[in-house]
Amino acid sequence: MSMPEKMNAAVWEGRLDINVKEVPTPSTPEPGWVNIKVEWCGICGSDLHEYLAGPVFIPVGTPHPRTGIKDQCVLGHEFSGEVVEVGKSVSSISVGDRVTASACQHCGECLYCQEGQPNLCETVAFTGLMNHGGFASYLSVPANVVYKVPDNVSFESAALVEPLSVGMHAVKKAGPIQGKTVVVLGAGTIGLCTIMCAKASGAGKIIAVEMSKERKKKALELGAHIVVDPKDGDPIEQVKLHSNGYGASVTFECIGHKDTAKLAVDLTRKAGRIVLVGIFEEPSNYNFFEVVATEKEIIGSLAYQDEFKEVITMISNGKLETESLITGKISLNNIVDKGFKELIENKDVNIKILVSPS
């Protein structure tokens, strides 16, 4: 496929400063890389964090050691598309393949990569944050982060593999949850994906903690058995009421706020596990003696490792349903007003807005 010299892309240039502008199309991919024509790309919570409070991950001042990116970046990492060009030495991916991709561009050589933890790579470069991403007609990524998508999985569904993999990774970090009572704090995109993955992994009872009327409905629709609303009373007591007085065996914090981090610990039974999934913008004060005295475990969960394969299979065989997560489809030219601002101003009624660059 012939690629144009220029393309439109949504470029982060500072806090509250995202511009759709003409940029060079990726050149012929270097060895081990592929070029992809983007079909759909979802707006992620981390994109919103960069828009509202950035830079959070985007390098500013000092170039990223792997990519050289600094001060501006084409956003977008929840994408699907078709491979249009492959670099030398690429044998696993071919032109015409329908694909999605992990955002964790990694070195493959450091201790963490060797141990199968590419998300913790010493020089990890997240697509759309530390290297140019999918809010553009084309992008170039390493072939080793690309996953083929079967024909019965739509491009829209394929764009949701990434956030579902975040939820699946969090569930795996929690350890065996079959038959256990779990709490998910927050029913935004990642909270809902975590609910879906917890259900698919056999959780016994799933309790969502959420105040938004629309998101409460969505949580129940996608797998929560009970929704606790803090406006209706102390959420700790409400969770205990639904867990024989003990609290959750596992709590997933999917909000990223200093107060809900403490609440996640308080909602969890002794010797239970707290998995922190949210992106925190500010520190919190906390007396960790409470963790020592109750032998609770606090676990961090960042992105994913190799959950893409499992999630793609589960979407393909119907164990994970994606259409209910999509609340909007827009063009790239409308990404700020009908994408970012829409998600901020009407967050109660929006889950995932997909962007088409074509």
Side-chain angles (χ1 to χ4, degrees), residues 1 29 32-44 76-87 89-106 116 118-119 127-128 133-172 189-190 192-202 221-223 303-327 329 351-358:
M1 178 182 292
W33 287 58
V34 302
N35 286 350
I36 297 170
K37 180 181 184 296
V38 179
E39 292 290 335
W40 292 101
C41 187
I43 301 176
C44 175
H77 57 274
E78 301 179 353
F79 65 89
S80 63
E82 179 183 335
V83 175
V84 293
E85 198 171 3
V86 300
S89 76
V90 174
S91 58
S92 58
I93 302 295
S94 302
V95 171
D97 283 346
R98 304 170 74 255
V99 297
T100 184
S102 159
C104 301
Q105 299 182 20
H106 54 285
N119 56 327
T127 303
F135 289 138
S137 300
Y138 301 89
L139 83 163
S140 189
V141 294
N144 64 4
V145 302
V146 176
Y147 293 81
K148 296 179 185 178
V149 175
D151 290 340
N152 72 332
V153 175
S154 68
F155 280 121
E156 289 92 335
S157 292
L160 289 164
V161 171
E162 200 274 350
L164 281 164
S165 294
V166 174
M168 186 60 74
H169 183 62
V171 168
K172 287 188 172 182
T189 300
I190 297 303
L192 291 171
C193 287
T194 302
I195 288 170
M196 294 167 69
C197 292
K199 177 185 177 182
S201 300
E221 177 186 338
L222 293 176
Y304 31 73
Q305 291 169 359
D306 197 28
E307 285 79 13
F308 269 61
K309 290 180 183 178
E310 183 176 358
V311 168
I312 290 170
T313 298
M314 294 176 84
I315 293 173
S316 179
N317 64 25
K319 289 186 177 179
L320 287 174
E321 184 271 326
T322 59
E323 289 300 317
S324 296
L325 292 170
I326 301 170
T327 53
K329 297 180 184 180
I351 303 298
K352 180 61 59 182
I353 294 178
L354 297 183
V355 180
S356 171
S358 60

Backbone N or O of Ser316 within a donor-acceptor pair of the Asn152 side chain at under 3.5 Å? yes
Closer than 3.5 angstrom, by distance alone: can the side chain of Ser154 be matched with the main-chain N or O of Ser157 as a donor-acceptor pair? yes
Side-chain touch Ile326/Leu160, heavy atoms, less than 4.5 angstrom: yes
Do the side chains of Leu192 and Lys352 get nearer than 4.5 Å, heavy atoms only? no
[X] [atom1] to [Y] [atom2] distance, which is reported to the nearest 0.5 Å:
X      : Y      : atom1 : atom2 : value
Leu164 : Met314 : CG    : CE    : 9.0 Å
Met196 : Leu222 : CE    : CG    : 5.5 Å
Glu162 : Ser80  : CD    : OG    : 12.0 Å
Met168 : Thr194 : CE    : OG1   : 9.5 Å
Ser92  : Lys148 : OG    : NZ    : 7.0 Å
Glu82  : Glu39  : CD    : CD    : 7.0 Å

Between Thr189 and the options Ile43, Ile353, Ile351, the side chain to side chain contact (heavy atoms under 4.5 Å, CB included) test singles out Ile351
Residues forming a ring-ring contact (aromatic ring centres under 6.0 Å, His included) with Tyr147, sequence neighbours excluded: Phe308
Which pair of heavy atoms, one from [X] and one from [Y], lies closest together, and at what distance?
X      : Y      : answer
Thr127 : Gly133 : CG2-CA, 3.8 Å
Ser201 : Val171 : OG-CG1, 3.7 Å
Ser165 : Val311 : OG-CG2, 3.7 Å
Asn35  : Pro29  : ND2-CD, 3.3 Å
Ala103 : Tyr304 : N-OH, 2.9 Å
Ala143 : Ile93  : O-CG1, 4.3 Å

Side chain to side chain contact (heavy atoms under 4.5 Å, CB included) partners of Ser356, counting only residues at least two apart: Trp40, Ser358
Among all residues two or more places apart in sequence or in another chain, which pass the side chain to side chain donor-acceptor pair (under 3.5 Å) test with Asn144? none
For Lys329, give me all partners under side chain to side chain donor-acceptor pair (under 3.5 Å), at least two apart in sequence or on another chain. Glu156
Could you go through Asp97 and Val34, starting from their C-alpha distance and side-chain angles, then the distance that decides it, and tell me whether this counts as side-chain contact (heavy atoms from CB on, under 4.5 Å)? CA-CA 11 Å; Asp97 283 346; Val34 302; over 6 Å; no
Go through the steps to decide whether Val161 and Val149 satisfy the test side-chain contact (heavy atoms from CB on, under 4.5 Å), and finish with yes or no. CA-CA 10 Å; Val161 171; Val149 175; 5.7 Å; no
Any chance you could lay out the side-chain contact (heavy atoms from CB on, under 4.5 Å) test for Cys197 and Lys172, step after step, and finish with the verdict? CA-CA 9 Å; Cys197 292; Lys172 287 188 172 182; over 6 Å; no
Salt bridge (charged side-chain N to carboxylate O under 4.0 Å, His left out) contacts in which one or both residues fall within residues 311-323, not counting sequence neighbours: none
Passes side-chain contact (heavy atoms from CB on, under 4.5 Å), Ile312 versus Thr100? Steps please. CA-CA 9 Å; Ile312 290 170; Thr100 184; 4.1 Å; yes
Partners of Lys199 by salt bridge (charged side-chain N to carboxylate O under 4.0 Å, His left out), sequence neighbours excluded? none
